[in-house]
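Below is one structure; the comments refer to it alone.
Every chain is numbered from 1, with letters handed out A, B, ... down the list of sequences.
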Protein chains: 2
Amino acid sequence: MFINLDFESNEPIYQQLVHQIIEGIARKELLPGEGLPSVRSLAADIGINLHTVNKAYQQLKQDGFILIHRQKGVVVNPDGVPKADDSFKNQLNKNLRPLIAESICRDVSEEEFLKLCSTIFETYKGGST
Amino acid sequence: MFINLDFESNEPIYQQLVHQIIEGIARKELLPGEGLPSVRSLAADIGINLHTVNKAYQQLKQDGFILIHRQKGVVVNPDGVPKADDSFKNQLNKNLRPLIAESICRDVSEEEFLKLCSTIFETYKGGST
DNA sequence: ATATCTGTTGCAGTAATGGTATAACAGTTA
DNA sequence: TAACTGTTATACCATTACTGCAACAGATAT
């Protein structure tokens, strides 16, 4: 499994789980229709509680990343993740704003900022590794 | 005062305070050397506890945005905010990553993402309003 | 039918966090 | 001396993150 948690982080475990699975989808390591481990097995796998995994799955389901067939298990959304709507773009804007504000204060140029973003985008293109 | 808090938000009050002050500095509404209200008066002003304001100020001080002369009050760093170091850029990278990952999943192109960032940058250029 | 897998739900307990309240201390300034 | 500043301490409450144990409901395989 590609899950790698940092129990020392102040980022909640369930949130880390959500991010890592989204990363997996973004870099095409997790393909539409692909199955994910059950809440119990994944919990046992990484040594955390069933509820913590369930919370992550619930959020991913809520956001359309995965589907949960009651007894068949968890599956990456076969139709692909729902495309960005206004709500998402709004949220994105809201999240980016403070990062950009602080960057400006710290003399990070727009050019440099955009370059950093591009660099990150790159890391999601070369699917292998 | 330009402080505008949302008590319904799940973003902590002290964090909102931090962000708004950073925004103020970023858009040059708060200039280097400019004084900020005391913890008590600001707390009374927006109807929150002294400790909450203090927590925000402490974080801003920690990050070099403001200076606190023991009895003279709080002042926007006259030497300007410390420029971005590796630690900051690292943090920035870490914060941007999940936003970009989800954007990719939701079919937001790199171009569109960068454009959004540019749009946000623009809002910090026209200092007036 | 029975056993076993699945997600889901409930309740309880611990620890940490965010916020409030009251109070006091230590310097500075008027 | 009085009034202001930031700072610190203690206590309290609500919420959140996480854990643990347990049970329920539906599907599947034997």
A:Gly47 vs B:Leu50, nearer the 5' end of DNA chain D by closest nucleotide: B:Leu50
Taking CZ from A:Phe7 and P from D:dC18, how many angstroms apart are they, rounded to a whole number? 9 Å
Rounded to whole Å, the CD1-P distance (B:Ile66 to D:dT7) equals 9 Å
Is any side-chain N of the basic residue among B:Glu102 and B:Arg97 closer than 4.0 Å to the acidic one's carboxylate O? no
A:Asn54 CG - D:dA17 C1' separation (whole Å): 14 Å
Please report, rounded to the nearest Å, how far the C1' atom of C:dT8 is from the CD atom of A:Gln62. 16 Å
Verify whether one side chain among B:Arg27 and B:Thr123 offers a donor that lies under 3.5 Å from an acceptor in the other. no
Using a distance-only criterion (donor-acceptor N/O pair, under 3.5 Å, no hydrogens), is the base of C:dG7 paired with the side chain of A:His69? no
Taking atom types as they are modelled, would you say the side chain of A:His51 forms a donor-acceptor pair with the base of D:dA17 within the 3.5 Å cutoff? no
Atom CD1 of B:Ile48 to atom P of D:dC13: distance rounded to whole Å? 22 Å
Using a cut-off of less than 4.0 Å, is there contact between a side-chain N or O of A:Lys55 and OP1 or OP2 of D:dA17? yes
When you compare the side chains of B:Gln58 and B:Tyr14, does any donor N or O come within less than 3.5 Å of an acceptor on the partner? no
Check the distance between C:dG19's P and B:Gln59's CD and give it to me in whole angstrom. 12 Å
Quick one: do the B:Glu11 and B:His19 side chains pair a donor with an acceptor below 3.5 Å? yes
Check: A:Asn49 side chain, D:dG20 base, donor-acceptor under 3.5 Å: yes
Would you say the side chain of B:Arg40 and the base of C:dT22 hold a donor-acceptor pair, judged only by whether the two atoms sit under 3.5 Å apart? no
Counting only side-chain heavy atoms from C-beta out, which of C:dT9, D:dG6, C:dG18 sits nearest to B:Val39? D:dG6
Heavy-atom pair with the smallest gap, counting every atom of B:Leu17 and B:Leu5: N-CD2, 4.2 Å
With the side chain defined as heavy atoms from C-beta on, A:Thr52 is closest, among D:dC18, C:dA21, C:dG7, to D:dC18
Taking CD from A:Gln16 and C1' from D:dA17, how many angstroms apart are they, rounded to a whole number? 12 Å
At under 4.0 Å between heavy atoms, what does B:Tyr14 touch on the DNA or RNA strands: base, sugar-phosphate, or nothing? sugar-phosphate
Separation of D:dT28 P from A:Lys72 NZ (nearest whole Å): 6 Å
Which nucleotide, C:dG19, C:dG7, D:dA17, lies nearest any side-chain atom of A:Ile68? C:dG7
Which of C:dG19, C:dT8, D:dG6 is nearest the side chain of A:Gln58? It is C:dT8
